[in-house]
Amino acid sequence: MGRILITSALPYINGIKHLGNLVGSQLPSDVYARFARARGHEVLFICATDEHGTPAELAAAKAGEAVADYCARMWQVQKDIADGFRLSFDHFGRSSSSRNHHLTQHFAGRLADAGLIEEVSEKQVYSKADGRFLPDRYIEGTCPNCGYERARGDQCENCTKQLDPTDLINPRSAISGSTDLEVRETGHLYLRQSQLRDRLREWIDSKTDWPILTTSIAKKWLDDGDGLQDRGITRDLDWGIPVKKGDADWPGMEGKVFYVWFDAPIEYIAASAEWADATGQGDAAWERWWRTDKGADDVRYVQFMGKDNVPFHTLSFPATVLGSGEDWKLVDYIKSFNYLNYDGGKFSTSEGRGVFMDQALDILPSDYWRWWLMANVPESSDSNFTWEAFQAGVNKDLADVLGNFVSRVTKFARSRFEEKVPDTGEYGPDEQALIEDLTRRLKAYETHMEAIDLRKGAQELRGIWAAGNEYLQAAAPWALFKTDPDRAGAIVRFSLNLVRFYAVLSQPFIPDASRAMLDAFDGEDCAWPEDVSAALSSLTPGSAFTTPEVLFAKITDDAREEFSTRFAGTA
RNA sequence: GGGCCUGUAGCUCAAUUGGUUAGAGCAGAGCGCUCAUAACGCUUUGGUUGGGGGUUCAAGUCCCUCCGGGCCUACCA
């Protein structure tokens, strides 16, 4: 058994995330983490909130709160929702933690010592009314190219032409609308990624098993134009990690903070340190996951993220890690996802279009969402959420195939065998055939899950569930009960063992339902099956069980229509 | 503008990386079963693989071209 370090891309702090955010990193990483744990691997599963940057400051201002208070509150909100979705992080940290402050400053110091930091003086737009420098896209004005009046400082959305903020006619702050803008000189630090281009390319080229979505984005940035560009890693903001060189002040950088994309990935490491702190362990506990000179050599590190995060995880963060000259663990595998759309369009926070994580839990149990989202996870291309597809998928897979199987088996056993595992009869050829079939299917399921092909994994799991119905239909214990009750008992015993078997295998996708299924049998033994035959004989004949409640109530047409209307948005 | 991804049954997706007759689930049709959440099982209809051209003994897969959908393009994160 190995050791697997798993990180989910960090959800940004400025509000509750929608299902599209959930499906691209947090949920798939959780399914994989649960699978890896169930298989006996030692797992450290890390996530955190990404708290810095202009949008966090603006969101706090809109809420009328201090940024620190706002972030603390939203962290708790996101943590509670994550718990509601049964996301099994070993630690859910905060990028604003003192651990991350120190580690980010440490990396900056190491990079400076290695000659990989350049101090650059540049001109930026300052808004007096807002009291802040404005990022390019927070400046609006008329496009000099097409005359569109709401062009942004980085690009005109109308004609797609790339712009410089100073190109705009009648520029104004997108925050306040103020036109009282001026260009000021300000000093910033740049990470000299260009110096690391060859090392990064060599590293990327060695990753022949990565998804093409991941490597193609990385190579594009390595080769585009003049090649990999140096990148500013500081900002003129109040809320963030103060620019320091290790523990020392950085002359000329007073009052500045690190750019959110510099400190956010470092939080993967810092959150692991927070985990060690929170669990009363010393530094060695987290360093053995992250330092190859301190025991992390045998760790497999897997990252999960949406495709928009790929450049930062394939280039910027590795540049930081490599450039430090220290023995930090680099990522071994990057699983990236496309986007989930909502009923043919995008999820929209501003228009209230689509389903947000808190709303999802308000209307249906987390297992429903977990199952459908993973069975339809956008692995190969963008996928689409519709209420019709969601209703059909949940009702068919969870209620009809799995839930009804559990129901028909346990209720039959209750009415004919006194709610006990029958101890009569022997398994015969039918059971042997299903054991052989399930042995093949289990192997396929494990192979898909190890490769993080979650859609295929879900499909195989569904096939495993369906095999139970096929067996039961052919064995027909309700008919045999009248002529050969002992044999009927063996069939029911086998079927009850199937329920327990399904509970164990399904746990990565639908942990709550799995728990309910195991609880029917005093389910202490939930070990992953090494041998299907043994696993299907594990219930003690003659022992009592409890008939569970309906596992999955169906989504009615009325409910579906109500949801569809409620989440359609304002636009 | 540039780069990348993508187009396969009514719908959602596969196809061992160029190799037999392109497969699953859902939806539809028919039959069976009565333990079960009107659930389950069996059978079955349905494809000029976006259009056109090319390479090859062989193309869904490789090349060219056209058409459609999407993403990224470095100061939103």
Query raised in the report: Considering heavy-atom distances to RNA chain B, does A:Asn341 or A:Asp154 have its closest nucleotide positioned more toward the 5' end?
Result: A:Asn341
Query raised in the report: What integer number of Å spans the P atoms of B:rG1 and B:rC75?
Result: 23 Å
Query raised in the report: Is the cationic atom of A:Arg184 (NZ for Lys, CZ for Arg) positioned less than 6.0 Å from the six-membered ring centroid of A:Tyr126 and within 45 degrees of its normal?
Result: yes
Report task. Would you check if there is a donor-acceptor pair between the side chains of A:Thr186 and A:Lys256 at a distance under 3.5 Å? Result -> yes
Query raised in the report: Just checking, any donor-acceptor pair under 3.5 angstrom between side chains of A:Arg560 and A:Gln391?
Result: yes
**Report entry** Base B:rC26 paired with A:Glu388 side chain (donor-acceptor, <3.5 Å)
**Finding:** no
Query raised in the report: Between B:rG52 and B:rU16, how far is it from one P atom to the other, in whole Å?
Result: 24 Å
Report task. Find the distance A:Asn338:CG to B:rC4:C1' and express it as a whole number of Å. Result -> 11 Å
Query raised in the report: Do A:Ser194 and A:Asp230 have side-chain N/O donor and acceptor atoms under 3.5 Å apart?
Result: yes
Report task. Please state whether the phosphate of B:rC75, meaning OP1 or OP2, lies under 4.0 angstrom from any side-chain nitrogen or oxygen of A:Tyr126. Result -> no
Query raised in the report: Have A:Tyr190 and A:Gln229 got a donor and an acceptor in their side chains that come within less than 3.5 Å?
Result: no
Requested in this report: Please report, rounded to the nearest Å, how far the C1' atom of B:rC75 is from the CD atom of A:Glu57.
Outcome: 14 Å
Can you check nucleotides 9-15 of chain B for protein contacts, nitrogen or oxygen pairs under 3.5 Å, and list what you find?
| unit_1 | atom_1 | unit_2 | atom_2 | d |
| --- | --- | --- | --- | --- |
| B:rU12 | O2' | A:Arg455 | NH2 | 3.1 |
| B:rC13 | O5' | A:Arg455 | NH2 | 2.9 |
| B:rA14 | OP1 | A:Ser380 | OG | 2.9 |
| B:rA15 | OP1 | A:Lys456 | NZ | 3.1 |

Query raised in the report: Given atom CG of A:Leu461 and atom P of B:rG25, what is their separation to the nearest angstrom?
Result: 16 Å
**Report entry** Ring-ring centroid check A:Tyr471 A:Phe405, cutoff 6.0 Å
**Finding:** no
Query raised in the report: In whole Å, what is the span from the CG atom of A:Leu222 to the C1' atom of B:rC4?
Result: 14 Å
Query raised in the report: Can you tell me how far P of B:rA74 sits from CG of A:Asn309, to the nearest Å?
Result: 16 Å
Query raised in the report: On a whole-Å scale, what distance lies between the P atoms belonging to B:rG54 and B:rU17?
Result: 28 Å
Query raised in the report: Can you tell me how far P in B:rC62 sits from the matching atom in B:rA15, rounded to whole Å?
Result: 13 Å
Report summary line: When every non-hydrogen atom of A:Arg231 is compared with those of A:Ser316, the smallest separation belongs to CD-OG, 3.9 Å
Query raised in the report: Which one, B:rC75, B:rC26, B:rA77, comes nearest to the side chain of A:Asp308?
Result: B:rA77
Query raised in the report: Rounded to whole angstrom units, what separation is found between the CH2 atom of A:Trp371 and the C1' atom of B:rG25?
Result: 11 Å
**Report entry** Integer angstrom distance from the C1' of B:rC66 to that of B:rA24
**Finding:** 32 Å
Query raised in the report: Is there a side-chain polar atom (N or O) of A:Tyr259 under 4.0 Å from OP1 or OP2 of B:rC76?
Result: no
Requested in this report: Specify the glycosidic conformation (syn or anti) of B:rU17, with syn defined as within 90° of 0.
Outcome: syn
Report task. Write down the distance separating the C1' atoms in B:rC35 and B:rG30, rounded off to the nearest Å. Result -> 24 Å
Query - Pairwise P distance for B:rG19 and B:rG60, with rounding to whole Å - result: 10 Å
Query raised in the report: Does any donor atom in the side chain of A:Arg94 or A:Asn100 lie under 3.5 Å from an acceptor atom in the other side chain?
Result: no
Report task. Could you provide the dot-bracket string of RNA chain B, using ( ) for intrastrand pairs, [ ] for crossing pairs and | for bases paired to another strand, with Watson-Crick or G-U pairs below 3.5 Å? Result -> (((((((..((((.....[...)))).(((((.......))))).....(((((..]....))))))))))))....
Query raised in the report: Within the structure shown, what part of the strands sits under 4.0 Å from A:Glu122 by heavy-atom distance: base, sugar-phosphate, or nothing?
Result: base
**Report entry** From OH (A:Tyr259) to CD1 (A:Ile241), nearest 0.5 Å
**Finding:** 14.0 Å
Query raised in the report: Which atom names give the shortest non-hydrogen contact between A:Leu402 and A:Met517, and what distance separates them?
Result: CD1-CE, 4.0 Å
Report task. Could you tell me whether A:Lys307 sits above the aromatic face of A:Phe337, with NZ or CZ closer than 6.0 angstrom to the six-membered ring centre and within 45 degrees of the axis? Result -> no
Query raised in the report: Do A:Asn338 and A:Ser381 have a side chain donor and acceptor closer than 3.5 Å?
Result: no
Query - Atom-pair distance (CG on A:Asp236; C1' on B:rC75), nearest Å - result: 12 Å
Query - Whole angstrom value for the distance that separates C1' of B:rG3 from CG of A:Asp223 - result: 11 Å
Query raised in the report: Given the P atoms of B:rG23 and B:rG53, what is the spacing between them in whole Å?
Result: 25 Å
Requested in this report: Do nucleotides 33-40 of chain B as a string where each nucleotide becomes B, S or -: B if the base has a protein heavy atom under 4.0 Å, S if just the sugar-phosphate does, - if no protein is that close.
Outcome: SSBBB-SB
Report task. Would you check if the side chain of A:Lys335 reaches a backbone N or O of A:Ile452 as a donor-acceptor pair within less than 3.5 Å? Result -> yes
Query raised in the report: Which part of the nucleic acid, if any, lies within reach of A:Gly227 when heavy atoms closer than 4.0 Å are counted: base, sugar-phosphate only, or nothing?
Result: base
